[in-house]
Amino acid sequence: MLSVKFETVTKTYGDKVALSALDLDIEKGSFVSLLGPSGSGKSTTLNLLAGMLRPDEGEIWIDGNPVSHLSPDKRNIAMVFQSYALYPHMSVGENLAFPLRARRHRRDRQAIAEAIGKVAESLGLGDLLDRFPKELSGGQQQRVALGRAMIRNPKVFLLDEPLSNLDVRLRIKMRRDIKDLHDRVGATTIYVTHDQSEALSLSDKVAVFNEGRLQQYASPLEIYEKPVNTFVANFVGERGMNFIEGSLRSRNGKSVFSAPGMELVIPGRGADDAVILGFRMEAIEPARDDRADARGLIKQVELVGPDRVVLLELEGGQEVVCRTDAGVILNKGETHGFVLTRGKLSFFDKQSGDALASAR
Ligand SMILES: Nc1ncnc2c1ncn2[C@@H]1O[C@H](COP(=O)(O)OP(=O)(O)O)[C@@H](O)[C@H]1O
Ligand SMILES: [Mg+2]
């Protein structure tokens with residue numbers, strides 16, 4: 001288990017900045033996801049740490065030691081990629097043994113057999129050791145790839161979208177396996193994904209990237225409930241956040257948010273002419289009495305598992321998504337009053353998209 005630290009690390013390709021002044025502190029033994037859309041700098045970050053790339057500026061530290069000058073094989077790191085790249089002419093057992101036969105890690109037969117046994121057991125590969133990759137399902141192949149990376153007992157484990165070639169159910173199962181593995185082995189794990197649900201469900205902390213810049217680095221709950229800007233708010237969550245543009249003003253120690261068709265009295269959050277109110281679909285619900293924050297026309301009702309997801313058009317014309325349990329009957333074409341849960345509202349500056357300081 002080792003800690004990892006990026007200090008103002010920048011990587012450019014020609015005049016394209018792939019990663020901009022990254023500062024990131026990863027505690028030893030933790031599970032951290034790098035989350036962001038395609039092209040946001042996630043793989044660049046991982047490849048810099050693995051030693052496949054060198055930073056243009058800044059330094060990377062592993063367990064307090066600078067490593068930028070070290071070659072990949074001196075970093076005690078293992079990496080698993082999206083394409084598992086097993087050796088097709090080798091059995092599962094031979095694939096697992098391969099890293100131990102490589103020059104720097106040569107060991108005797110007995111030690112290799114023991115190491116294979118241990119990894120095979122922890123990944124449920126015991127019955128597959130004599131098979132060849134083409135005789136395995138996608139999930140089994142990916143498990144072998146994980147095993148091949150684990151076999152040297154790396155102190156840091158890097159995974160670059162390792163599940164994106166698998167179908168949804170298998171992905172959810174493998175997700176659990178990876179988490180389980182981390183809990184047992186305890187190696188510092190850095191997991192790259194563009195799938196927000198994967199990042200939130202697996203990680204101790206999530207680092208959200210956009211356009212080569214780290215946006216927010218926090219626990220999954222904080223990322224979800226207190227996004228630092230509208231980018232994070234929208235990228236995280238099943239449906240992104242609902243946004244309503246308006247203004248905030250002070251009144252009797254409280255604040256009033258005003259938007260077309262809506263006036264919302266909330267605990268004091270100062271005044272600002274141009275803000276965006278953000279809230280998740282579980283923060284709005286049908287009013288039980290005549291005290292509603294806004295009225296909305298029901299445009300669409302979707303059954304999603306045990307819930308209904310309802311698309312509303314508020315009186316001011318804003319479209320909003322709301323989640324109710326299936327027991328609440330809302331019919332398309334009807335108009336209802338809705339209330340917003342005060343503790344679950346976020347406010348952002350309209351110009352910059354940054355969360356208002358008083359709202360955090
Ligand atoms: N070898 C390369 N040459 C030129 N541009 C690159 C190279 N690798 C990555 N990039 C660019 O750097 C940016 C970040 O890429 P990457 O780290 O692979 O993103 P991600 O893994 O988040 O999808 C992208 O704009 C990508 O096009
Ligand atoms: Mg990538």
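Note that these values count all heavy atoms, side chains included, but never hydrogens, waters or copies made by symmetry.
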### Query
Stepwise, does the side chain to side chain contact (heavy atoms under 4.5 Å, CB included) test hold for Met174 with Leu146?
CA-CA 11 Å; Met174 287 289 299; Leu146 285 174; 3.9 Å; yes
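- Criterion: ILVMFWY side-chain heavy atoms under 4.5 Å apart, direct or through other members. Under it, Phe157 and Trp61 are not part of a common hydrophobic cluster.
- Between Arg239 and Glu302 there is a salt bridge, since at least one side-chain N of the basic residue sits less than 4.0 Å from a carboxylate O of the acidic one.
- Annotation: the span from Ser33 atom OG to His194 atom NE2 amounts to 12.5 Å, rounded to 0.5 Å.
- Members clustered with Phe243: Met241, Ile276, Phe348, by chain and number, using a 4.5 Å side-chain heavy-atom cutoff among hydrophobic residues.
- The side-chain heavy atoms of Arg171 and Val168, taken from C-beta on, include a pair separated by under 4.5 Å.
- Around CZ of Arg308, the count of heavy atoms belonging to other residues, nucleotides or ligands within 6.0 Å exceeds 12.
- For Asn252, the CG atom is loosely surrounded, since the number of other residues' heavy atoms within 6.0 Å does not exceed 12.
- Residues Gly147 and Val119 come closest through the heavy atom pair CA-CG1, 3.5 Å.
- Thr188 places a side-chain N or O within donor-acceptor distance of the main-chain N or O of Gly29, the cut-off being under 3.5 Å.
- For the atom pair NZ (Lys42) and CG (Leu214), the distance works out to 13.0 Å, reported to the nearest 0.5 Å.
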### Message
Assess the residue pair Leu34 and Leu24 against the criterion (side chain to side chain contact (heavy atoms under 4.5 Å, CB included)); give the C-alpha distance rounded to whole Å, side-chain angles, the decisive distance to 0.1 Å, and a yes or no.
### Response
CA-CA 11 Å; Leu34 312 184; Leu24 188 64; 4.2 Å; yes
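- Here the closest non-hydrogen pair linking Pro55 and Leu48 is N-CD2, 3.4 Å.
- The environment of CE in Met90 is crowded: more than 12 heavy-atom neighbours from other residues, nucleotides or ligands sit within 6.0 Å.
- Counting all heavy atoms, side chain and backbone alike, Ala292 lies closest to Val339 at CA-CG1, 4.1 Å.
- Under a 4.0 Å N-O distance rule, the pair Asp293/Arg342 qualifies as a salt bridge.
- Using modelled atom types, one side-chain atom of Asn242 and one backbone atom of Val321 make a donor-acceptor pair closer than 3.5 Å.
- For the pair Ile62/Leu49, a side-chain contact is recorded, criterion being any heavy-atom separation below 4.5 Å from C-beta on.
- A 6.0 Å sphere centred on NZ of Lys179 holds more than 12 heavy atoms belonging to other residues, nucleotides or ligands.
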### Task
Take Phe347 and Asp272, measure what side chain to side chain contact (heavy atoms under 4.5 Å, CB included) needs, and give me the verdict at the end.
CA-CA 10 Å; Phe347 290 91; Asp272 196 320; over 6 Å; no
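- Side chain of Tyr217 to backbone of Asp23: no donor-acceptor contact under 3.5 angstrom is found.
- Within a 6.0 Å sphere centred on CG of Asn331, other residues, nucleotides and ligands contribute more than 12 heavy atoms.
- Using the six-membered ring where Trp is involved, His182 and Phe31 have ring planes that are perpendicular, over 60° apart on the 30 and 60° scheme.
- When side chains are defined from C-beta on, Arg176 does not count as touching Ser201, because their heavy atoms never get closer than 4.5 Å.
- With sequence neighbours left out, the ring pair (Phe, Tyr, Trp, His ring centres under 6.0 Å) criterion links Tyr87 to Phe98.
- Under a 3.5 Å cut-off, the side chain of Asn95 and the backbone N or O of Leu86 do not form any donor-acceptor pair.
- Using a 4.5 Å heavy-atom threshold, the side chains of Leu123 and Met150 count as touching.
- Between Lys205 and Glu27, no side-chain nitrogen of the basic residue sits less than 4.0 Å from a carboxylate oxygen of the acidic one, so the salt-bridge criterion is not met.
- Qualifying ring pair (Phe, Tyr, Trp, His ring centres under 6.0 Å) partners for Phe209, counting only residues two or more places apart in sequence or in other chains: none.
- For the side chain to side chain contact (heavy atoms under 4.5 Å, CB included) test with Met79, the passing option among Ile190, Asn47, Val156 is Asn47; the others fail.
- When all heavy atoms are compared, the tightest approach of Val32 to Ile26 is CG2-CG2, 3.9 Å.
- The hydrophobic clustering, which links ILVMFWY residues whose side-chain heavy atoms are closer than 4.5 Å, places Leu356 and Leu264 together.
- Taken together through direct or relayed side-chain contacts under 4.5 Å among Ile, Leu, Val, Met, Phe, Trp and Tyr, Val80 and Leu170 form part of one hydrophobic cluster.
- Annotation: Glu334, atom CD; neighbour count of heavy atoms from other residues, nucleotides and ligands within 6.0 Å is above 12.
- Smallest separation of non-hydrogen atoms from Leu70 and Arg75: O-NH2, 2.7 Å.
- For Glu211, the CD atom sits in a loose shell: 12 or fewer heavy atoms of surrounding residues, nucleotides or ligands are nearer than 6.0 Å.
- Residues Val206 and Leu200 are in side-chain contact: their nearest non-hydrogen atoms beyond the backbone lie under 4.5 Å apart.
- The hydrophobic clustering, which links ILVMFWY residues whose side-chain heavy atoms are closer than 4.5 Å, places Phe231 and Tyr224 together.
- Side-chain atoms of Gln215 do not come within 3.5 Å of backbone N or O of Val232 as any donor-acceptor pair.
- Rounded to the nearest 0.5 Å, atoms CZ (Arg148) and CG (Leu100) are 11.5 Å apart.
- Classification of the Phe338-His336 ring pair by plane angle, with boundaries at 30° and 60°, yields perpendicular.
- Taking the side chain as every heavy atom from C-beta outward, Glu263 and Val256 approach each other to under 4.5 Å.
- Linking ILVMFWY side-chain heavy atoms closer than 4.5 Å, directly or via other members, places Val265 and Phe257 in two distinct hydrophobic clusters.
- Between Phe235 and Pro37 the shortest side-chain heavy-atom distance falls below 4.5 Å.
- Heavy-atom neighbours of Arg169 CZ from other residues, nucleotides or ligands within 6.0 Å: at or below the threshold of 12.
- Side-chain contact between Val236 and Pro227: absent, with no pair of heavy atoms (C-beta onward) separated by less than 4.5 Å.
- Expressed to the nearest 0.5 Å, how far CG of Leu314 lies from CZ of Arg295 amounts to 11.0 Å.
- Put simply, the side chain of Thr193 gets close to the backbone of Asp195: a donor and an acceptor are under 3.5 Å apart.
- In this structure, Arg101 CZ and Leu96 CG are separated by 10.5 Å, a value rounded to the nearest 0.5 Å.
- With hydrogens and angles disregarded, a donor-acceptor distance shorter than 3.5 Å links the side chain of Gln141 to the backbone of Pro133.
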### Task
Show your working on side chain to side chain contact (heavy atoms under 4.5 Å, CB included) between Ile172 and Arg175 and close with a plain yes or no.
CA-CA 5 Å; Ile172 291 174; Arg175 211 192 265 185; 4.1 Å; yes
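- Distance alone, capped at 3.5 Å, places no donor-acceptor pair between the Asp325 side chain and the Asp307 backbone.
- Between Lys344 and Glu282 no salt bridge is recorded (no basic side-chain N to carboxylate O distance below 4.0 Å).
- A distance of 6.5 Å separates OG1 of Thr10 from CG of Leu19, quoted to the nearest 0.5 Å.
- Counting only distance, with no hydrogens or angles, the side chain of Gln140 and the backbone of Ser137 share a donor-acceptor pair below 3.5 Å.
- Nearest heavy-atom pair across Leu181 and Ser122 is CD1-OG, 4.2 Å.
- When atom types are taken as modelled, the side chain of Gln318 and the backbone of Glu245 share no donor-acceptor pair closer than 3.5 angstrom.
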